[in-house]
Every structure is written in structure tokens, then in C-alpha cells.
Amino acid sequence: MNRRLVAEVSLGELQGCLKQSGIFLSIPPFVVHLRSSIPVVAHGVHDLYAHHEFWLDGGDFVDFRIAVNPRRRFLKPLCEFEFDGRTPFTPLAYQEAFAFMEWGLNWCVSSHCHDWISIHAAVLERGGRALILPAPPGSGKSTLCAALMFHGWRLMSDEMTLLDPQTGLVTASPRPISLKNASIDILRRREPDAVMGPIAHDTLKGTVCHLRATRDSVQRAAEPAMPAWVVFPRYEAGAALSLERRAPAQGLMELQRNSFNRHVHGHAGFHALADLVDHCQIHDLRYSQLDEALACFGNLSVGP
Amino acid sequence: MHLGALSVVRKYTLNAPRFDFRCWADGGVVHDASDASLYEVTLAAAEVLRILREVGASSTQEISEQLMAGEAMAPGDVALVDELVQQLAAWGAVRLAGHESPSGG
């Protein structure tokens with residue numbers, strides 16, 4: 001098996017591979033077989049998975065076998081997401097093909113990977129300790145996550161916290177960060193060197209664009225981290241920064257609301273989340289200024 | 001609430017293994033494995049469940065004594081505990097000792 005970084009091949013070569021028999025893409029801890037003839041998918045993978053490894057020739061095991069295929073080519077063109085030969089979702093607009101691949105992958109992980117308790121939350125690491133950011137859409141989670149990644153935190157995941165119920169450690173799965181609407185320009189202004197992928201307009205989530213994970217985040221994907229903080233962020237225009245402790249029982253209730261598969265693990269899953277609450281400081285963060293929020297997380301990370 | 005003698009001497013037990021719970025200084029969370037639901041409970045309710053797990057089958061009177069250990073019991077305390085136990089029993093988290101169901105539920 002000849003492993004290469006995606007960055008080591010040209011866009012044209014990658015496009016050809018994706019179009020023919022597909023590529024095996026390492027997205028730790030998973031291996032994904034991806035196939036697509038849609039150019040925007042090749043562009044997205046080439047730009048945003050540049051630090052990930054891929055290979056062409058087989059391999060023993062694939063976690064997910066996916067494809068994003070064109071559905072209608074000429075009038076109102078569409079694309080569809082294929083998983084193990086099935087198409088579980090309604091087709092989307094053709095220009096959303098890369099975003100569709102990302103959303104489909106999220107679904108693959110949350111619906112099929114029960115070795116972990118998966119929580120809808122960003123997770124980053126600093127000094128061996130993990131910061132978990134569960135939040136509903138619109139709370140500024142991904143904006144915060146991206147900004148933290150550029151300020152000394154290692155991205156473990158923007159979308160999914162994978163908690164090992166046996167060890168209590170979080171497993172990293174660094175992938176592109178999904179930015180929406182105003183956060184795209186905010187990050188572009190703050191981090192002009194950041195690599196952003198294709199922009200999809202008028203999606204169900206508004207305008208969507210993905211941001212490449214840092215090389216360090218991808219290279220250190222095999223390093224798990226012990227959770228130390230759970231922070232529920234809420235962006236509120238004009239709000240003064242506030243960081244308030246949340247009671248453990250309430251923190252646990254909120255975490256389970258954000259968990260995709262805690263129920264699959266029975267009492268063990270319940271105790272794994274309760275242990276997480278026991279080991280972590282739990283806070284509610286309200287903010288309007290990104291720099292203030294970053295400073296606040298900086299202070300958290302140097303504390304006990 | 002009037003308490004008959006029977007209510008005070010009947011023994012209750014935690015409905016395990018269906019129910020499990022965790023407590024903290026300000027309250028607790030109960031897990032019902034039958035449908036994977038979680039319920040946030042008051043500190044008093046969490047403490048009643050803890051007593052039943054650690055001490056075993058107990059009457060309302062005994063639970064009250066454990067709950068108020070080291071503190072003076074006031075008239076009506078046992079009635080309050082009994083009300084709480086009845087609520088937990090109605091919900092299914094505790095049951096009368098010796099009344100196990102085949103499924104543990």
C-alpha cells in the first residue's frame with residue numbers, strides 16, 4: 001500500500017483517481033473509500049485534506065465506502081450521497097457536493113461508530129487536556145473552534161467529540177471545519193493564510209465553506225486527550241463576556257442532549273458521561289468579541 | 001399528609017438494575033435503562049436513592065433517619081420523605097422490597 005499525502009499529488013491526478021476507482025482516505029481513526037466525478041469534490045479534498053494520507057491499492061478494511069455522484073447534469077443539476085451502495089439522503093444542489101460529502105461523513109460516524117460515545121461538539125486540546133464545546137447551530141461553536149485552532153489549540157474535531165467509554169479519553173478525528181455565513185468572512189479577515197474550500201451558497205444552512213485543519217492537528221491525530229473543560233458557548237451580539245460555572249447535573253443533562261448514541265451504551269454510557277462531568281470544569285460562556293473569548297480560553301488552559 | 005403505620009414500616013428498595021443514578025453536591029441524574037432516558041432530580045431525591053443503594057431495603061422511617069443523620073428531626077419530616085419515596089415509586093425508580101418484576105422493571 002503506497003501511502004501519500006494528498007498535498008503530494010496534483011489536482012488533476014487526484015481528480016482522475018476519484019473519478020475512476022476512488023481513493024482510500026485516512027481520516028483518523030477511520031479509513032474512508034471515496035469516489036466522485038464531481039470537480040468541486042476533488043477541489044475540496046485536494047485543498048482541505050492536503051495533510052491527510054491516501055492510497056489507491058486496496059487495503060484490508062474500510063470503515064465507510066462513500067461516493068458523491070451527479071444526479072441531473074443539465075437542468076437544475078443535483079448530486080447524491082452514496083453510502084455502501086445506498087443513497088440515504090435526498091439529493092442536494094450540484095454545487096453543494098463537497099459540503100454534502102462532509103455532512104454525509106458526519107452521519108456515517110454518528111450513526112455507525114458505537115465504539116465511542118459521540119457528542120455533537122467541537123473538541124480541541126492543549127497541554128494534553130481536551131476542551132469540549134457542545135452547542136446548537138448559531139452559537140458560534142465553529143467560529144470559536146477555528147479561532148482556537150489558530151491560537152495554540154490542537155483541533156481534534158469541529159463536529160464530533162468521540163469519547164471512549166472505557167478510558168474516558170477523547171479520540172481525535174481532525175477534518176475541515178464547517179464555517180457558515182458571517183463566520184466565513186470573520187475567519188478570512190483574521191487568518192488570511194487559512195485555506196478555505198469551495199463556497200456553497202443557498203444551502204439549508206445558508207452559505208457554507210470549509211476550512212483546512214492545521215498540519216499539526218492532522219499529524220497528531222493519534223494522540224487522545226483527557227477532557228478537562230466542557231464549555232457551552234453562546235454568541236450574543238453586544239454581550240459582555242461572561243463565564244459561569246454550570247452545575248454538574250445540569251451539565252450532564254445538556255451533554256446527553258448533544259449525544260448521538262449515548263443510549264446505545266446503556267448504564268455504561270450514562271456513567272461515562274457522568275465521569276466526564278466529574279473530571280471537567282463545566283461553564284457557560286457568553287461572548288460577542290472573539291478576542292475576549294480567546295483570552296478567556298487562554299486563562300482557562302493555564303489554570304488547574 | 002397522614003401516614004398510616006403500614007406506610008412507615010413497608011420497605012423500599014432501588015429498582016436496580018433498571019435504574020442507576022449519580023449524585024453531586026447540588027442534585028443528581030437518574031438513568032432509566034428501559035428507554036435510556038435521563039432525569040435530573042433534587043438533592044433530596046438523589047440522597048434517598050443513595051441510601052437505598054448503600055443501606056439496602058429501608059422503610060420511610062429508616063430512610064428519614066439516615067437522611068437526617070446528626071440533625072434533629074422535625075414533625076412532618078417522615079411524611080415529606082414518604083411523599084418523595086411515593087413519587088419515586090410511582091415513577092418506578094424505587095419499588096417495594098420483595099416485589100421484583102421478572103424484567104427487573
Side-chain angles (χ1 to χ4, degrees), chain A residues 110-121 132 134 136 161 163 165-168 227-232 243-284 304, chain B residues 12-57 63 66-67 80-81 83-85 87-95 97 100-105:
Chain A
S110 62
S111 305
H112 298 87
C113 295
H114 302 314
D115 287 350
W116 297 272
I117 295 173
S118 52
I119 303 165
H120 183 214
I132 297 172
T161 296
L163 176 70
Q166 308 295 324
T167 64
W229 310 276
V230 177
V231 178
F232 298 95
L243 185 72
E244 290 175 6
R245 283 265 187 168
R246 186 184 276 227
Q250 289 171 15
L252 174 54
M253 295 301 289
E254 194 61 35
L255 270 177
Q256 71 93 20
R257 273 191 278 276
N258 284 280
S259 166
F260 292 106
N261 66 345
R262 188 262 313 160
H263 61 284
V264 171
H265 293 261
H267 283 320
F270 164 63
H271 285 293
L273 283 189
D275 289 344
L276 174 71
V277 162
D278 274 341
H279 293 140
C280 288
Q281 297 173 32
I282 306 173
H283 298 280
D284 283 299
Chain B
Y12 294 89
T13 185
L14 179 67
N15 190 2
R18 176 178 153 188
F19 286 88
D20 204 349
F21 64 95
R22 293 284 282 262
C23 357
W24 290 274
D26 54 355
V29 176
V30 176
H31 178 236
D32 181 352
S34 71
D35 61 1
S37 51
L38 293 190
Y39 302 91
E40 191 174 351
V41 296
T42 62
L43 183 57
E47 196 59 17
V48 167
L49 295 172
R50 189 191 63 76
I51 289 166
L52 290 177
R53 179 160 67 192
E54 292 182 2
V55 176
I63 294 169
Q66 288 278 334
L67 202 59
L80 285 173
V81 170
E83 194 176 347
L84 183 52
V85 169
Q87 287 171 358
L88 291 169
W91 175 33
V94 305
R95 55 178 165 75
E100 294 85 354
S101 67
S103 64

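Throughout, protein chains are lettered first and strands after them, A, B, ... in sequence-line order, and every chain is numbered starting at 1.
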Between B:His31 and A:His267: side-chain donor-acceptor atoms closer than 3.5 Å: yes
- request: For the residue pair A:Asp278 and B:Trp24, confirm or rule out a side-chain donor-acceptor distance under 3.5 Å.
  value: yes
- prompt: Tell me, side chain or backbone of A:Val264 under 4.5 Å from chain B's heavy atoms, or both, or neither?
  reply: neither
message: Using a 3.5 Å distance criterion without hydrogens, assess whether the side chain of B:Asn15 forms a donor-acceptor pair with backbone atoms of B:Gly92.
response: yes
- request: Please flag which part of B:Asp20 lies under 4.5 Å from any non-hydrogen atom of chain A: side chain, backbone, both or neither.
  value: both
task: Could you tell me which of A:His263, A:His271, A:Arg257, A:Gln256 has the largest number of non-hydrogen atom pairs under 4.5 Å with chain B?
output: A:His271
- prompt: Closest heavy-atom contact between B:Leu38 and A:Met253?
  reply: O-CE, 3.6 Å
